[in-house]
There are 2 protein chains.
Amino acid sequence: MVQDTVADGATGDADACCTPLGDVDADAMAIDLQVLSAMGNDTRYELLRRIANADDGVCVCDLEAAVGVSQSAVSQALSRLYAAGLVTRRKEGSWRYYEPTETTVALLETLDDLRGTHE
Amino acid sequence: MVQDTVADGATGDADACCTPLGDVDADAMAIDLQVLSAMGNDTRYELLRRIANADDGVCVCDLEAAVGVSQSAVSQALSRLYAAGLVTRRKEGSWRYYEPTETTVALLETLDDLRGTHE
DNA sequence: AGCTTATACAAGGAAATACTAATATGTTTC
DNA sequence: GAAACATATTAGTATTTCCTTGTATAAGCT
């Protein structure tokens, strides 16, 4: 397993205020960024919420009606969510059903908890 | 408390495959999107990780050395993280120390857990 | 086979983003 | 108060993003 890290430019000279900081795991960062940037968009977030709300899989046609963008935009958004590991897709006849992954469920739950409790 | 929701375009006619989907809370969405889009960026994610890694607050000068962008860019990134409620800032002399909020800690932990366990 | 429906892919453009450079503000030190 | 340092703000720009239109693929129907 590659254990690459992003270099810490400040390593070496400890100035008045500057203490060297722990490095960031580059692989983890890449994965997390995929996830976060995929979720962090109006259209995709809403699609994800709707997919997560439904108990069973949701087909694309449902989603198209729900969010205010073209069929093509929905398809692209879903592809991106899929690439980020946030949804699974299953083909059934000519429809395609999307379901949330554990990652999606866990993150949305965390977000809900945070909003509920504080601030 | 306002309980606004994003309208579900498909409400009413139930087609062959289309079932109406639960609506998405607009307030929750706005907050979550602030958080997710703030975190979902290379520079800001790395800053956040470094801030979260440090036990005590981190001052901007540390961070500037660590990530490969200008002082101005770091300042802007930190402002955005602050606006999203992901860090607190405290002034001490001419330095400014940033610390992670509970939101940051919880989300990064969730992401770590997810990466560790599956896939 | 041809038509319709469901979804994906490709190309282009408008809008948002994230940076740099320059300047401003505030703090410490001399 | 002036110089030096730490951070923020502004303005401009290059890149990226996200959507639309148009086309392709694939399945179901007649």
Side-chain angles (χ1 to χ4, degrees), chain A residues 10 13-19 29-30 33-48 50-51 57-84 87-99, chain B residues 9-10 13-19 29-30 33-48 50-51 57-84 86-99:
Chain A
D13 53 337
D15 231 305
C17 80
C18 296
T19 30
M29 175 159 146
L33 278 175
Q34 275 251 122
V35 168
L36 292 166
S37 62
M39 289 184 79
N41 162 266
D42 211 359
T43 301
R44 290 190 299 265
Y45 176 92
E46 197 178 342
L47 288 174
L48 206 54
R50 287 179 190 275
I51 291 170
V58 183
C59 97
V60 184
C61 60
D62 292 328
L63 297 165
E64 274 167 46
V67 303
V69 294
S70 70
Q71 175 269 318
S72 177
V74 171
S75 179
Q76 290 172 62
L78 290 171
S79 282
R80 172 113 186 238
L81 292 174
Y82 178 74
V87 294
T88 60
R89 42 183 170 191
R90 146 177 63 93
K91 205 163 193 177
E92 199 155 310
S94 59
W95 290 280
R96 208 185 260 260
Y97 288 89
Y98 284 80
E99 280 178 76
Chain B
D13 53 337
D15 229 307
C17 80
C18 296
T19 29
M29 176 160 146
L33 278 175
Q34 274 250 123
V35 168
L36 292 166
S37 62
M39 289 185 78
N41 161 266
D42 209 0
T43 300
R44 291 191 298 266
Y45 175 92
E46 196 176 343
L47 288 173
L48 206 55
R50 286 178 191 276
I51 291 169
V58 183
C59 98
V60 183
C61 60
D62 293 329
L63 296 165
E64 274 168 45
V67 302
V69 293
S70 71
Q71 176 268 319
S72 177
V74 171
S75 180
Q76 290 174 65
L78 289 171
S79 282
R80 173 112 188 238
L81 291 173
Y82 179 74
L86 291 168
V87 294
T88 61
R89 43 184 170 191
R90 147 177 62 92
K91 205 164 192 176
E92 200 155 308
S94 59
W95 290 281
R96 208 185 261 256
Y97 288 89
Y98 284 81
E99 279 177 78

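The chains referred to below are lettered A, B, ... by the order of the sequence lines, with proteins before strands, and numbering in each begins at 1.
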Spacing of [X] atom [atom1] and [Y] atom [atom2] [to the nearest 0.5 Å]:
X: A:Glu64; Y: A:Cys59; atom1: CD; atom2: SG; result: 8.0 Å
X: A:Leu81; Y: A:Ile51; atom1: CG; atom2: CD1; result: 6.0 Å
X: A:Leu36; Y: A:Asn41; atom1: CG; atom2: CG; result: 13.0 Å

State whether a side-chain donor-acceptor pair under 3.5 Å links A:Gln71 with A:Ser75.
->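 The criterion, which ignores hydrogens and geometry beyond distance, is not satisfied for A:Ser75 and A:Gln71.
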Grab the two heavy atoms, one from B:Met39 and one from A:Leu33, that are nearest each other, plus how far apart they are.
->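 Residues B:Met39 and A:Leu33, closest heavy atoms: O-CD2, 3.8 Å.
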Heavy-atom pair of closest approach, residues B:Ala77 and B:Thr43 |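 So the two residues come closest at CB-CG2, 4.3 Å.
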Between protein and nucleotides 21-27 of chain D, what N or O pairs are separated by less than 3.5 Å?
{"from": "D:dT21", "atom 1": "O4", "to": "A:Ser72", "atom 2": "OG", "distance (Å)": "2.9"}

In whole angstrom, what separates [X]'s [atom1] from [N]'s [atom2]?
X: A:Glu46; N: D:dC19; atom1: CD; atom2: P; value: 11 Å
X: A:Asp42; N: C:dT17; atom1: CG; atom2: P; value: 11 Å
X: A:Leu78; N: D:dC19; atom1: CG; atom2: C1'; value: 15 Å
X: B:Trp95; N: D:dA8; atom1: CH2; atom2: P; value: 14 Å
X: A:Leu47; N: D:dC18; atom1: CG; atom2: P; value: 12 Å
X: A:Asp62; N: C:dA6; atom1: CG; atom2: C1'; value: 12 Å

How would you label the contact of A:Tyr98 with the nucleic acid (heavy atoms, under 4.0 Å): base, sugar-phosphate, or nothing?
->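 Counting heavy atoms under 4.0 Å across all strands, the contact made by A:Tyr98 is with sugar-phosphate only.
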Counting only side-chain nitrogens and oxygens, does [X] get under 4.0 Å of the OP1 or OP2 atom of [N]?
X: B:Arg96; N: D:dA6; answer: no
X: A:Arg80; N: D:dC18; answer: yes
X: B:Arg44; N: C:dA18; answer: yes
X: A:Arg89; N: C:dT7; answer: no
X: B:Asn41; N: C:dA18; answer: yes

Do the side chain of A:Arg44 and the main chain of A:Ser37 share a donor and acceptor less than 3.5 angstrom apart?
->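 Checked: pair present.
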Along DNA chain D (nearest heavy atom to each residue), the more 5'-positioned of B:Glu64 and A:Ser37 |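 Of the two residues, B:Glu64 wins.
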